[in-house]
Visitor: 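Here it is, the structure, as structure tokens.
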Amino acid sequence: MSHAYLFPTSGKARKATERERMIHDELVFYDADIMCLQEADRQDKLFPFLQNAGYSYTYAAGPLKPHGCIVAYRQDMFRIVGERVIQYDDVEVREDTTISPQARIASSHRTKNIGLLVALERVGTDRTGYIVATTHLFWHPAGYRQAGLLLRGIIGWRDLMQLCDWPCIITGDFNFSPEDPAYSLLVGDPLSTEQKHRLDISRVVHVSIDPTVPSSSTMELEEGEGDPDRLRRLSDGLLSDSEFLDLFRCPLRSAYDEGQRARKDVVTDVATFGDRTSFSAARLGVNEPMWTSYTHYWKTTLDYIFFLDSPRTHTEVIGYLQPHLTENVVQGLPQLRVCGSDHFSLCAELKTSVSPCE
């Protein structure tokens, strides 16, 4: 939490030493088999804590970033059989060698964000397990491309590892809401007219790609608020609508969207994204949590647990952690004795059945 002034109502919880124990206690309280963490810093404290709690882990970060992503897993349940880091800034979307490297990468913003992929095999089984991915995407429209590259990278890596029968779990801070075009692309919902418009106007080029863009701000925050952009040119090679769609060929399912939709059929105390917006009840994502981040200055839904079955598996959501209610976080997170982070923890219990080989 390097910009403490963004959290004026958090008091002592702005200090890492005050909220670190809260975060550590929450991590083990849920007794998860697999944990995915983003913006994980203070590794000198976090890594020993995870090990003492019975977890092994894989950590990766973008170039020169002091924090990164972690996939942690119970040592007695899983063993790692492979890992990969996707450096979004360097991934080529197109294979055409006749065009410029910039056009092959087709990026609008260099952000240093990454995706971390881990193959976890269940201990005591014959090659059964999960592909687990976690990421922290950039808030700028560059995150649309990053989301597509993550999905394409997961599917391609699963095939390369010859683990095509393994389901995938994809988690993280995606930095877009359920009504965003990137969410609909991920879950396979058709884009609305408004979403197509938002996708179109997102095609801007940042000064990190084109240094000739005039600077409009003397101060850049970590996530780039107020960063200078310009409208695209044909030579920038930004992705077309059809190329975006091609990146999102395999629709994901959301644990919370499905879990909360089912729970709303039997109880009335489910607070969803759709309850606070005009988002159509027919759209996927309307039953995501009402909030996953709630601070003094911003309150939104950004974090998700997605999954993707293989041809031989079927996954069901059999439980999930109910998110914080608005009245419990109204002061703005983080807060002592409430939550040590400005984001909620999301937890889901998934049951995967495997069909026998024919």
Visitor: Looking at every heavy atom in both Val205 and Leu238, which two are closest together, and how far apart are they?
Guide: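 What the structure gives for the nearest pair is CG2-CD1, 4.1 Å.
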
Visitor: Between Thr300 and Trp291, is there a side-chain donor-acceptor contact under 3.5 Å, judged purely by atom types and distance?
Guide: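 No.
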
Visitor: Is it the case that one hydrophobic cluster holds both Leu137 and Phe248, taking links as side-chain heavy atoms less than 4.5 Å apart, direct or via other members?
Guide: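 Shared cluster, yes.
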
Visitor: Show the numbers, then the answer: is there a side-chain contact (heavy atoms from CB on, under 4.5 Å) between Thr135 and Asn113?
Guide: CA-CA 8 Å; Thr135 193; Asn113 291 63; 5.9 Å; no

Visitor: Tell me if a side-chain donor or acceptor on Thr292 pairs with a main-chain N or O of Thr301 at a distance below 3.5 Å.
Guide: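 Side chain of Thr292 to backbone of Thr301: no pair is present.
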
Visitor: Looking at Gly340, is its backbone amide N or carbonyl O close enough to the side chain of Glu18 to form a donor-acceptor pair, meaning the two atoms are under 3.5 Å apart?
Guide: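 Not a single qualifying donor-acceptor pair exists.
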
Visitor: Between Ile86 and Leu150, is there a side-chain heavy-atom distance shorter than 4.5 Å?
Guide: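 SC-SC contact between Leu150 and Ile86 confirmed.
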
Visitor: Can you list the steps and then say if Ser345 with Glu26 is a side-chain hydrogen bond (donor to acceptor under 3.5 Å, both in side chains)?
Guide: CA-CA 8 Å; Ser345 290; Glu26 187 170 6; 3.0 Å; yes

Visitor: Tell me whether Gln43 at atom CD has more than 12 heavy atoms from other residues, nucleotides or ligands lying less than 6.0 Å away.
Guide: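 Yes - once you tally the heavy atoms of other residues, nucleotides and ligands closer than 6.0 Å, there are more than 12.
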
Visitor: Atom CD in Glu288, atom CD in Gln260: separation rounded to 0.5 Å?
Guide: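 Between atom CD of Glu288 and atom CD of Gln260 there are 8.0 Å.
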
Visitor: Test your reading of the model: is there a side-chain donor-acceptor pair from Asp257 to the backbone of Gly285, 3.5 Å cut-off?
Guide: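 Here the side-chain-to-backbone pair exists.
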
Visitor: I would like to know whether Phe138 and Asn175 meet side-chain contact (heavy atoms from CB on, under 4.5 Å); could you show each step before the answer?
Guide: CA-CA 6 Å; Phe138 199 66; Asn175 258 322; 5.9 Å; no

Visitor: side-chain hydrogen bond (donor to acceptor under 3.5 Å, both in side chains) for Thr111 and Gln146? Distances and angles first, verdict last.
Guide: CA-CA 10 Å; Thr111 71; Gln146 292 174 356; 2.9 Å; yes

Visitor: Less than 3.5 Å apart, any donor N or O on the side chain of Tyr130 or Glu121 sitting next to an acceptor on the other?
Guide: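 No - no donor-acceptor pair under 3.5 Å links their side chains.
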
Visitor: Test your reading of the model: is there a side-chain donor-acceptor pair from Arg94 to the backbone of Gly237, 3.5 Å cut-off?
Guide: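 Looks like yes, one N/O pair under 3.5 Å.
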
Visitor: Search all heavy atoms of Asp90 against all heavy atoms of Arg110 and return the closest pair with its distance.
Guide: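 Distance-wise, the nearest heavy atoms are OD1-NH2, 3.5 Å.
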
Visitor: Parallel, tilted or perpendicular: which describes the rings of Phe47 and Tyr59, with under 30° parallel and over 60° perpendicular?
Guide: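 Phe47 vs Tyr59 ring planes: perpendicular.
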
Visitor: Do Ile105 and Glu92 have side-chain heavy atoms sitting under 4.5 Å apart?
Guide: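 Ile105 reaches Glu92 side chain to side chain.
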
Visitor: Please confirm whether Tyr304 and Phe306 have ring centers closer than 6.0 angstrom.
Guide: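 Here the rings of Phe306 and Tyr304 have centres that are less than 6.0 Å from each other.
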
Visitor: Is there a chain of hydrophobic side chains (I, L, V, M, F, W, Y, each step under 4.5 Å between heavy atoms) that links Tyr73 to Leu50?
Guide: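 No, because Tyr73 and Leu50 fall into different hydrophobic clusters, even though each may have its own neighbours under 4.5 Å.
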
Visitor: Val338 vs Leu333, test: side-chain contact (heavy atoms from CB on, under 4.5 Å). Steps then yes/no.
Guide: CA-CA 8 Å; Val338 178; Leu333 298 179; 4.0 Å; yes

Visitor: Kindly say whether Leu239 contributes a backbone atom to a donor-acceptor pair with the side chain of Arg203 at under 3.5 angstrom?
Guide: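 Flag set: sc Arg203 to bb Leu239 pair under 3.5 Å.
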
Visitor: First locate atom CG of Leu186, then atom CD1 of Ile170, and finally report the distance between them rounded to the nearest 0.5 Å.
Guide: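 Output value for this atom pair is 8.5 Å.
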
Visitor: Examine distances only and state if a side-chain atom of Arg152 and a backbone atom of Val93 form a donor-acceptor pair shorter than 3.5 Å.
Guide: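 Looks like yes, one N/O pair under 3.5 Å.
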
Visitor: Between Tyr294 and His324, does the ring pair (Phe, Tyr, Trp, His ring centres under 6.0 Å) criterion hold? Intermediate values first, please.
Guide: CA-CA 10 Å; Tyr294 198 103; His324 291 291; over 10 Å; no

Visitor: Dump the intermediate steps for side-chain hydrogen bond (donor to acceptor under 3.5 Å, both in side chains) on Thr352 and Thr315, then the final yes or no.
Guide: CA-CA 4 Å; Thr352 300; Thr315 299; 3.0 Å; yes

Visitor: Would a hydrophobic clustering, with Ile, Leu, Val, Met, Phe, Trp and Tyr connected at side-chain separations under 4.5 Å, put Phe307 with Ile318?
Guide: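 Each belongs to a different hydrophobic cluster.
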
Visitor: Tell me the closest heavy-atom pair linking Phe7 and Pro334, and the distance in Å.
Guide: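 Closest pair (atom of Phe7, atom of Pro334, distance): CD2-CD, 3.9 Å.
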
Visitor: Could you tell me if Arg312 sits above the aromatic ring of Trp166, with its cationic atom closer than 6.0 Å to the ring centre and no more than 45 degrees from the axis?
Guide: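 No, a cation-pi geometry is absent between Arg312 and Trp166.
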
Visitor: If you compare all heavy atoms of His24 against all heavy atoms of Phe49, which two are closest, and at what distance to 0.1 Å?
Guide: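 Heavy-atom minimum between the residues: O-CZ, 3.1 Å.
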
Visitor: Using the six-membered ring wherever Trp is involved, compare the ring planes of His109 and His206 and label them parallel, tilted or perpendicular (cut-offs 30° and 60°).
Guide: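 Parallel.
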
Visitor: Examine distances only and state if a side-chain atom of Tyr30 and a backbone atom of Ala348 form a donor-acceptor pair shorter than 3.5 Å.
Guide: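 No; judged by distance alone, with no hydrogens or angles, the pair does not exist.
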
Visitor: Side-chain heavy atoms nearer than 4.5 Å, only ILVMFWY residues, links allowed to pass through others: does that put Leu308 and Leu350 together?
Guide: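 No, separate clusters.
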
Visitor: Does Arg19 use its side chain to pair, donor to acceptor, with the backbone of Ala13 at less than 3.5 Å?
Guide: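 Yes.
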
Visitor: Whether the side chain of Asp342 engages the backbone of Thr295 through a donor-acceptor N/O pair (distance < 3.5 Å, no angle test) should be reported.
Guide: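 Looks like no, no N/O pair under 3.5 Å.
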
Visitor: In terms of side-chain heavy atoms, does Gln162 have a donor or acceptor partner in Arg127 at a distance below 3.5 Å?
Guide: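 Side-chain D/A pair, Gln162 to Arg127: absent.
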
Visitor: When you measure from the side chain of Thr128 to the backbone N and O of Thr125, does any donor-acceptor pair fall under 3.5 Å?
Guide: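 Here the side-chain-to-backbone pair does not exist.
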
Visitor: Is Asp33 paired with Arg122 through a side-chain N to carboxylate O contact shorter than 4.0 Å?
Guide: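 Salt bridge: no.
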
Visitor: Could you walk me through whether Tyr144 and Asp180 pass side-chain contact (heavy atoms from CB on, under 4.5 Å), step by step?
Guide: CA-CA 9 Å; Tyr144 297 178; Asp180 195 275; 3.0 Å; yes

Visitor: Take atom NE2 in His314; do more than 12 heavy atoms of anything else shown fall under 6.0 Å from it?
Guide: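 Check passes, neighbour count above 12.
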
Visitor: Nearest 0.5 Å, please: how far is CZ in Arg158 from CG in Leu117?
Guide: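 Spacing of CG (Leu117) from CZ (Arg158) equals 11.5 Å.
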
Visitor: Just checking Arg249: does its CZ atom have more than 12 heavy atoms from other residues, nucleotides or ligands closer to it than 6.0 angstrom?
Guide: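 No, CZ of Arg249 has 12 or fewer neighbouring heavy atoms, counting only those of other groups under 6.0 Å.
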
Visitor: Is there a continuous path of hydrophobic side-chain contacts, each under 4.5 Å between heavy atoms, that joins Val187 to Ile154?
Guide: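 Val187 clusters together with Ile154.
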
Visitor: Say you draw a straight line from OG1 of Thr326 to CZ of Arg276; how long is it, rounded to the nearest 0.5 Å?
Guide: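 Here the rounded value is 8.5 Å.
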
Visitor: Do Asp89 and Lys112 sit within salt-bridge range, that is, some charged N less than 4.0 Å from a carboxylate O?
Guide: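 The answer is no: the pair does not qualify as a salt bridge.
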
Visitor: How far apart are the C-alpha atoms of Asp189 and Ser184, what are their side-chain angles, what is the distance that settles it, and do they pass the side-chain hydrogen bond (donor to acceptor under 3.5 Å, both in side chains) test?
Guide: CA-CA 5 Å; Asp189 234 7; Ser184 293; 4.8 Å; no

Visitor: Taking side chain to side chain donor-acceptor pair (under 3.5 Å) as the criterion, tell me which of Gln38, His343, His136 meets it with Asp303.
Guide: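 So the option named by the test is His343.
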
Visitor: Hey, what do you get for CG (Asp269) to NZ (Lys264), rounding to the nearest 0.5 Å?
Guide: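 Going from CG on Asp269 over to NZ on Lys264, the span is 11.5 Å.
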
Visitor: Using the rule given for ring pair (Phe, Tyr, Trp, His ring centres under 6.0 Å), can you reason through Tyr256 versus Tyr320, listing the C-alpha separation, both sets of side-chain angles and the distance that settles it, and then say yes or no?
Guide: CA-CA 7 Å; Tyr256 270 79; Tyr320 67 91; 5.1 Å; yes

Visitor: Run the salt-bridge test on Lys45 and Glu20 with the 4.0 Å N-O cut-off and return the result as yes or no.
Guide: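 The answer is no: the pair does not qualify as a salt bridge.
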
Visitor: Charged N to carboxylate O under 4.0 angstrom, Lys196 versus Asp241?
Guide: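 Result for this pair is no, no salt bridge flagged.
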
Visitor: At what distance, to the nearest 0.5 angstrom, does CZ of Arg104 lie from OG1 of Thr98?
Guide: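 If we round to the nearest 0.5 Å, Arg104:CZ and Thr98:OG1 are 8.5 Å apart.
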
Visitor: Please identify which of these residues, Asp173, Leu116, Leu37, meets the side-chain contact (heavy atoms from CB on, under 4.5 Å) condition with Thr134.
Guide: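 Single side-chain contact (heavy atoms from CB on, under 4.5 Å) partner of Thr134 among Asp173, Leu116, Leu37: Leu116.
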
